[in-house]
Amino acid sequence: MRLSKHHLAIVALTLCTIIWGAAGPFFKWAMQDTPPFTLLFFRFCIATLIMIPLAYKQMHIKFEDFYKILLLALTGITFNIGLYYLGLSLSQSINAPIIGSTMPIFLILGAIIFLHEIPKPKVIFGTFISLIGTLIIILRPVDHMPLIKLLTGNSYFILSTLSLVSFTLLLKKFKLPYSSVTIIFWMFLLATIIFFLPFVFEEHATNSLSTLNFRGFFGILYGALFSSIFGQIFYNFAVKSLKSGDIGIFNYLGPIITALVALPLLHEEITFAYLLGSVFVFLGLFIAEIKFHYHFFHRQFNHDPLVESGP
């Protein structure tokens, strides 16, 4: 039986959701032996090498656009993914997708501040509800983790989300005349260069390469091949064949995948406060309906998705 293009898109988006949903627990699992910047440097180094044969005919960019791509690399990868990894090293991985789900909320706030857009009253109300849920998750205690460590990790998740919002607004403002492959390649390359110095300091302080084992290699390869390459390929294919509402629904499945992986792999606990906060977050998004109307790729890129939407 041959699947239609629509059904293939559903399969691709399902695989993408599984890949990105499982990423947080897998990365945190890898960090038990390998520090974050070692994972980051080798992840993007390998991803850049993989991108070369795909982008070698379209690598050229104008000199005057270089600083724009540098800003996109800083906000879209260096701070976004870097802070995400730091958050994973301190907090529970199940917190990351819920906090990350509030990106449309922060995108709305950014649009109000920087683009002077006026949202509807229900959007304001939904935003308020979601922010309450986010605070519940951020401030909830976990028995086996010091509260200050948990708060710091959750703060990194918020800063990571804000960085992705900045990336979105900058990309909309710049309107660069290059293909997604070109921008992705340069962002991966610049991220590799930027992560090199923290990796060197980390290696000097922790001798991280000597402790690199199966978990570390798995975290690097999963990030480079699955999160950075396969996830993007699946997502690119899916959004060209599906409506934005169909895509938005899958965003709600990410936290479920994360929990299904994190519970047996990391033995993380799902408390009543976590469930309550999650309900508030998604209820607020549902009320405001911004998950669909302000969907990251649908609104900003007109179905031409770009780099590192996933972790």
Side-chain angles (χ1 to χ4, degrees), residues 20 23 27 30-31 34-89 156 159-171 173-174 176-212 216-233 236 305-311:
W20 285 342
F27 294 150
M31 286 180 204
T34 309
F37 287 109
T38 300
L39 294 173
L40 284 165
F41 170 71
F42 285 106
R43 166 183 173 174
F44 286 101
C45 182
I46 293 173
T48 302
L49 294 175
I50 294 173
M51 287 297 300
I52 289 177
L54 302 175
Y56 78 98
K57 290 184 178 180
Q58 15 183 350
M59 289 182 181
H60 177 74
I61 59 172
K62 297 178 181 179
F63 179 78
E64 58 267 26
D65 289 332
F66 180 79
Y67 84 93
K68 296 178 181 179
I69 294 181
L70 176 60
L71 285 175
L72 293 178
L74 288 170
T75 54
I77 297 182
T78 306
F79 294 130
N80 172 30
I81 308 298
L83 289 166
Y84 174 83
Y85 271 52
L86 289 175
L88 284 175
S89 68
Y156 283 139
L159 292 174
S160 171
T161 303
L162 290 175
S163 180
L164 193 56
V165 170
S166 301
F167 166 78
T168 307
L169 297 175
L170 286 173
L171 191 61
K173 178 180 178 180
F174 291 157
L176 294 169
Y178 308 111
S179 69
S180 297
V181 171
T182 301
I183 299 177
I184 288 172
F185 168 76
W186 281 103
M187 290 177 65
F188 280 7
L189 177 60
L190 291 171
T192 302
I193 295 171
I194 294 169
F195 284 135
F196 177 70
L197 190 58
F199 158 66
V200 170
F201 282 113
E202 191 174 72
E203 162 62 17
H204 179 73
T206 65
N207 200 18
S208 59
L209 290 180
S210 66
T211 62
L212 194 60
F217 280 114
F218 181 85
I220 291 169
L221 293 177
Y222 191 92
L225 295 177
F226 289 90
S227 284
S228 296
I229 302 297
F230 292 149
Q232 292 297 327
I233 291 173
N236 272 267
L306 253 180
V307 64
E308 288 304 289
S309 62

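What you are looking at is a predicted structure, and each value in this text was computed from that prediction instead of being measured. We use all heavy atoms of the structure for the numbers below, so side chains are in, but hydrogens, waters and symmetry mates are not.
- The backbone N or O of Ser227 lies less than 3.5 Å from a partner atom in the side chain of Trp20, making a donor-acceptor pair.
- At distances below 3.5 Å, at least one donor-acceptor pair connects side-chain atoms of Thr192 with backbone N or O atoms of Phe188.
- Checked against side-chain contact (heavy atoms from CB on, under 4.5 Å), Thr211 has no partners two or more places apart in sequence or in another chain.
- When all heavy atoms of Gly216 and Leu39 are compared, the closest pair comes out as O-CD2, 3.5 Å.
- Considering only residues two or more places apart in sequence or on other chains, Phe41 meets the ring-ring contact (aromatic ring centres under 6.0 Å, His included) condition with Phe196, Phe199.
- Counting all heavy atoms, side chain and backbone alike, Tyr85 lies closest to Pro36 at CD2-O, 3.9 Å.
- A salt bridge between Asp65 and Lys68 is present, with a side-chain N of the basic residue lying under 4.0 Å from a carboxylate O of the acidic one.
- Side chains of Ser208 and Glu202: a donor-acceptor N/O pair is absent below 3.5 angstrom, by distance only.
- Annotation: ring-ring contact (aromatic ring centres under 6.0 Å, His included) contacts of Tyr156 (sequence neighbours excluded): none.
- In this structure a side-chain-to-backbone donor-acceptor pair under 3.5 Å is missing from Trp186 to Ile69.
- In this view, Ile50 and Ile46, Leu225, Ile229 satisfy the side-chain contact (heavy atoms from CB on, under 4.5 Å) rule, not counting sequence neighbours.
- Minimum heavy-atom separation, Val181 to Leu54: CG1-O, 3.6 Å.
- Here Ser163 pairs with Thr75, Phe79, Asn80 under the side-chain contact (heavy atoms from CB on, under 4.5 Å) rule; sequence neighbours left out.
- The main-chain N or O of Gly223 is found under 3.5 Å from a side-chain atom of Ser228 such that the two form a donor-acceptor pair.
- Here Ala73 pairs with Met187, Leu190 under the side-chain contact (heavy atoms from CB on, under 4.5 Å) rule; sequence neighbours left out.
- The backbone N or O of Met31 sits nowhere less than 3.5 Å from a side-chain atom of Thr34 that would complete a donor-acceptor pair.
- Side-chain contact between Phe185 and Ile61 is absent, with no heavy-atom pair separated by less than 4.5 Å.
- To the nearest 0.5 Å, atoms CG (Leu72) and OG1 (Thr78) are separated by 11.0 Å.
- Interatomic distance, CG of Leu86 versus CG of Leu40, reported as 7.5 Å (0.5 Å rounding).
- When side chains are defined from C-beta on, Leu71 counts as touching Phe174, because their heavy atoms get closer than 4.5 Å.
- Here the shortest heavy-atom pairing between Thr48 and Leu189 reads OG1-N, 3.5 Å.
- Among all heavy-atom pairs drawn from Ile81 and Arg43, the shortest one is CG2-NH1, 3.9 Å.
- The backbone N or O of Leu209 sits less than 3.5 Å from a side-chain atom of Glu203, completing a donor-acceptor pair.
- In this structure, OH in Tyr178 is found 8.5 Å from CD1 in Ile183, a value given to the nearest 0.5 Å.
- When every heavy atom of Phe27 is checked against every heavy atom of Gly219, the shortest pair comes out as CE2-O, 3.5 Å.
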